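This report concerns only the one structure given below.
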Amino acid sequence: MKYPLLLTLCILSACHALPRDPAGTSQRIAERKIFTVAPVEAGLTRDPGVRALIALLEQRTNARAVWKVGSGETLLQQLDEGQLDLALGRFRKDSPWKMDVAFGPPLRSTGSGDDPIELKAAMRNGENRWIMTVESASRTVAQKALRP
């Protein structure tokens with residue numbers, strides 16, 4: 001090959017946009033400096049893990065969380081339709097929503113080892129850059145919670 005450096009530069013420049021958000025979630029958050037979030041159940045806004053996750057996401061995105069209210073099914077539908085950026089709740093691993101939304105790693109688990117209920121974030125499927133941002137923040141919060 002005559003121009004390996006040129007080819008390498010072209011490949012690297014194409015990788016800059018990866019991972020991608022087809023619906024532009026991360027770009028919209030960066031431009032508007034806000035992201036929408038809702039608890040799937042009452043009281044979760046006071047949960048220390050939820051508060052730590054939102055604070056870390058605000059820091060990492062340089063955006064402010066705008067809290068919405070609603071009920072579980074309605075919020076997850078809004079998430080699936082792109083009307084909400086993040087839903088937080090307690091979900092089972094076999095949640096019927098696991099095919100429609102992307103779940104982040106658990107902030108913590110309760111219940112039996114065979115069928116735990118996990119406190120975690122849910123995001124719109126396919127918004128991979130946003131999903132990676134939330135997953136990374138979730139892991140950081142979960143690891144800090146495990147430290148004595």
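Fair warning: this is a prediction, and the values are worked out from it, not measured in the lab. In what follows, every heavy atom counts, from backbone to side chain, and hydrogens, waters and symmetry copies are set aside.
The main-chain N or O of T25 is found under 3.5 Å from a side-chain atom of E127 such that the two form a donor-acceptor pair. A donor-acceptor distance shorter than 3.5 angstrom exists from the side chain of D21 to the backbone of N128, with no hydrogens or angles considered.
By the neighbour-count criterion of 12 heavy atoms within 6.0 Å, atom NZ of K33 is densely surrounded, having more than that number from other residues, nucleotides or ligands. More than 12 heavy atoms of other shown residues, nucleotides or ligands fall within 6.0 angstrom of atom CZ in R60.
Under the 4.5 Å side-chain heavy-atom criterion for ILVMFWY residues, a single connected hydrophobic cluster contains both W67 and L44. Each of L107 and M132 belongs to its own hydrophobic cluster when Ile, Leu, Val, Met, Phe, Trp and Tyr are linked at side-chain heavy-atom distances under 4.5 angstrom. Under a hydrophobic-cluster definition in which Ile, Leu, Val, Met, Phe, Trp and Tyr are linked whenever side-chain heavy atoms come within less than 4.5 Å, directly or via other members, L75 and V50 are assigned to different clusters. Note: the hydrophobic cluster containing L88 also contains L56 (ILVMFWY, side chain heavy atoms under 4.5 Å, direct or indirect links). The hydrophobic clustering, which links ILVMFWY residues whose side-chain heavy atoms are closer than 4.5 Å, places V37 and L84 apart.
The two atoms that bring P105 and S138 nearest to each other are O-CB, 3.8 Å, heavy atoms only. Nearest heavy atom pair, residue S26 against residue W130, reads OG-N, 3.3 Å. The two residues A121 and L86 come nearest to each other via the heavy atoms CB-CD1, 3.6 Å. A pairwise comparison of heavy atoms in R90 and D47 identifies NH2-OD2, 4.3 Å as the closest pair. Of all heavy-atom pairs between P39 and K68, the closest is CD-O, 3.6 Å. Between M123 and I131, the shortest heavy-atom contact is CB-CG1, 4.0 Å.
Taking CD1 of I54 as the reference point, atom CZ of R64 lies at 12.5 Å (rounded to 0.5 Å). Expressed to the nearest 0.5 Å, how far CD of Q78 lies from CG of D80 amounts to 11.0 Å. In this structure, CZ in F103 is found 9.5 Å from CG in N125, a value given to the nearest 0.5 Å. Rounded to the nearest 0.5 Å, atoms OG (S71) and CD (Q77) are 11.0 Å apart. Distance check, rounded to the nearest 0.5 Å: CZ of R92 to CD of E118 gives 10.5 Å. For the atom pair CG (L79) and OG1 (T74), the distance works out to 12.5 Å, reported to the nearest 0.5 Å.
Residues F35 and R28 fail the side-chain proximity criterion, which asks for heavy atoms closer than 4.5 Å. In this structure, the side chains of L76 and D100 stay at 4.5 Å or more apart for every pair of heavy atoms. Residues L57 and L53 meet the side-chain proximity criterion, which asks for heavy atoms closer than 4.5 Å.
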